[in-house]
Amino acid sequence: MATAFSAPKFAAQPFTTISPTSQHKPLKIPTAASPFLGSTRKLLRLSSSSQLNLRRRSSGSVFAVSDVVKEKKPTPIPSLLITKEEGLELYEDMVLGRSFEDMCAQMYYRGKMFGFVHLYNGQEAVSTGFIKLLKQQDSVVSTYRDHVHALSKGVPARAVMSELFGKTTGCCRGQGGSMHMFSSEHNLIGGFAFIGEGIPVATGAAFTSKYKREVLKEADCDHVTLAFFGDGTCNNGQFFECLNMAALWKLPIVFVVENNLWAIGMSHLRATSDPQIYKKGPAFGMPGVHVDGMDVLKVREVAKEAIARARRGEGPTLVECETYRFRGHSLADPDELRDPTEKAHYAARDPITALKKYLIENNLSGEAELKAIDKKIDELLEDAVEFADESPLPPRSQLLENVFADPKGFGIGPDGRYRCEDPKFTQGTAHV
Amino acid sequence: MAAIFQGVGAAAPLSSSPSNSFDSNKSVFSPPRSFSVVRSDGIVNLNPKGRSAQRLISNAVATKADSPAASSSSKPGHELLLFEALQEGLEEEMERDPRVCVMGEDVGHYGGSYKVTKGLAKRFGDLRVLDTPIAENSFTGMGIGAAMTGLRPVIEGMNMGFLLLAFNQISNNCGMLHYTSGGQFTIPVVIRGPGGVGRQLGAEHSQRLESYFQSIPGIQMVACSTPYNAKGLMKAAIRSENPVILFEHVLLYNLKERIPDEDYICNLEEAEMVRPGEHVTILTYSRMRYHVMQAAKTLVNKGYDPEVIDIRSLKPFDLHTIGNSVKKTHRVLIVEECMRTGGIGASLTAAITENFNDYLDAPIMCLSSQDVPTPYAGTLEEVTVVQPAQIVTAVEQLCQ
């Protein structure tokens, strides 16, 4: 599995250890009472050594799950974390994410797409680890770094690529672009360019789920919403306001922090008074969990618990995933500020390589099968690019079509008719 | 801040304040009492039925020509105050569609700072009438997210000015998401609240946000001014698939009117003909409608025949009603409470000039509030907004 995170030279404070205070000792795991860490308790039991103090804690406690898993002695684990099918699904999804982003970079430099394009290379474990556990009716809200969230949620690669090319067959008809991926079919509710502005929208989607259950009496409505955002966003007011509201009303939402340590050129440590983001969860009355975001299996274990918690109606969870983006903030970022040693460290923890190793070492799959998946993804992407290339550009008539859901909103013109009834309106040349 | 304001035009409800420009007792119908209730259809009721005194506005001359339901309905209708009309509209829509919900500060248990949501939480529950923490940007965004996933929230800004904090969500998400999602998600929210210059509420509680929001593509803005159109616009806004911002005015909540018993809505995109006339078109909205009608009385006495239109729809403008009026009178005066720079009046002037320049006999005059933060002192506050005397002077000037 991925190597444990050791105290790096570049970080002023190591992330995974909690500085021991009288209240928070690291690695204190609750006993049977807390439902949250159910799966990690199973992992603990498998460990031959127990240097861990088990003590009952309230559900508002802070845990470092990765520490828990790290402490396991390397004795053989009788049961694996995933089945073969699951393993292949995770592998395929991560390879799709990685290859898609690489293809994006290629297409950008060939002049097929423009503007701000933010690539997800390196963070695939978070998207795959969380989103592959969701049902279609669950919602995902993302930021501008949303291509891979869209793909994991099930939006076809063709639709995403076309959207990036600005074609009318894109998932948003070419009107959204890289930073605004939406899919009502797959319940992907954005794609937001300003950081933090998606979190309230995610809170609203979770509110609807609760409303449907309690007011509209759809008793089986247990839809969960995942809100993905970065470390920079965790200093933004909307983050804190939504943590408060979600915990207050026990909304079925999981706040997933993709802490890649950098907000463009601003190091997380230079921007944040207390860089341990997961600690901010308990301050609002929800569990805060830190997990190694370069390890898809660890992410998946934490995600299972958090999503199950939300489905049961127990409220939100704050999950901080320690991850890293291998490329710059966007394709326009020269990425000069980050220490090459830091980059090398995380490159060695590439989530795809790690999963591949796990699958092979545990005899869940072989090289040939995995290579076949790689090839399949390559072909899929070739097809997606071809499709996007051949798709038509939006015609002028599309300009005014989606400004209003009810186009009467353009008003009544001087001739007494609604402007949307003007034939020039449908040509996109009407004056509104 | 959440104090229920006093009646329109009355700083001290029970004592008469004859110097107040709103005082309808100066009119022909004024009785000798120190207070009376004058309904907007011109009938004087000397028994206010125990309500604290409200100085109300009478239509100067003609009755409203645009409420056929009110005048032709066989049922007598019922009387209520503007805030009750809003509440009635909201309640009826909540009954009609279980997806309609309310969110805002103090809307639930407190009943709303201006009592528009009074009683609703008891009836519909705490989740449907949601008391939010003080986080405008986030609960507005939450309302937008809820709208995108199937609900129809009515988001209340306790004072419209507070919605400045929600500008991120209103501009980016409310206005734009239908477009950037390629039409996949609709956002049928209603954002409403009291705004405008009140009685010495200070600069920050006296803001007019219609000018700030008007450029946002994808939203509609309407301003209510009478109990009839308040209820009608509230219902229409809730039923609309578009995001609508409904501007109410702090000083108009206690207006009384008789409205129909049956279900009705007011068209969101139409303007309201308040008083037909021949000499000059006066375009106005919200509270300034009453200053205009006050001035109209004086103008009529001086021999002018102003046509008064309450534009109601601030975005988009009803250029048909406005255009027909301009074609008839050839002179336009805009009276608004917005600030001079970049206000609704500025946009309206541009729109009329673009579309009806050939029909104008004189340049369009626009009376707006002064470009100052509304002062606390009553004397200064009075001259910040347009007063009836200025309207009279402007019409005289325009009609030379």
Chain A contact via Thr132(B) - side chain, backbone, both or neither, heavy atoms under 4.5 Å: both

Atom group of Glu241(B) that falls short of 4.5 Å from chain A, counting heavy atoms: both

Flag for Tyr211(A)-Arg128(B): side-chain donor and acceptor within less than 3.5 Å: yes

Non-hydrogen side-chain atoms of Trp249(A) and Leu130(B) separated by less than 4.5 Å: yes

Asp138(A): partners by salt bridge (Lys or Arg N to Asp or Glu O under 4.0 Å), with sequence neighbours left out: Arg311(A)

Which portion of Lys212(A) sits near chain B, non-hydrogen atoms under 4.5 angstrom: side chain

From Phe182(A) atom CZ to His178(B) atom NE2, the distance as rounded to the nearest 0.5 Å: 11.5 Å

Side-chain heavy atoms of Tyr179(B) within contact of Glu401(A), under 4.5 Å: no

Which of Ser139(A), Ala206(A), Ser183(A) touches chain B most, by non-hydrogen pairs under 4.5 Å: Ser183(A)

Closest-packed option against chain B by number of heavy-atom pairs under 4.5 Å, given Gly176(A), Ser184(A), Cys171(A): Ser184(A)

Those residues of residues 232-243 of chain A, ordered by number, that approach chain B below 4.5 Å (heavy atom to heavy atom): Gln238(A), Glu241(A), Cys242(A)

Min side-chain heavy-atom separation Phe192(A)-Leu177(B) under 4.5 Å: yes

Interchain contact, Asp415(A) with chain B, by part (heavy-atom threshold 4.5 Å): backbone

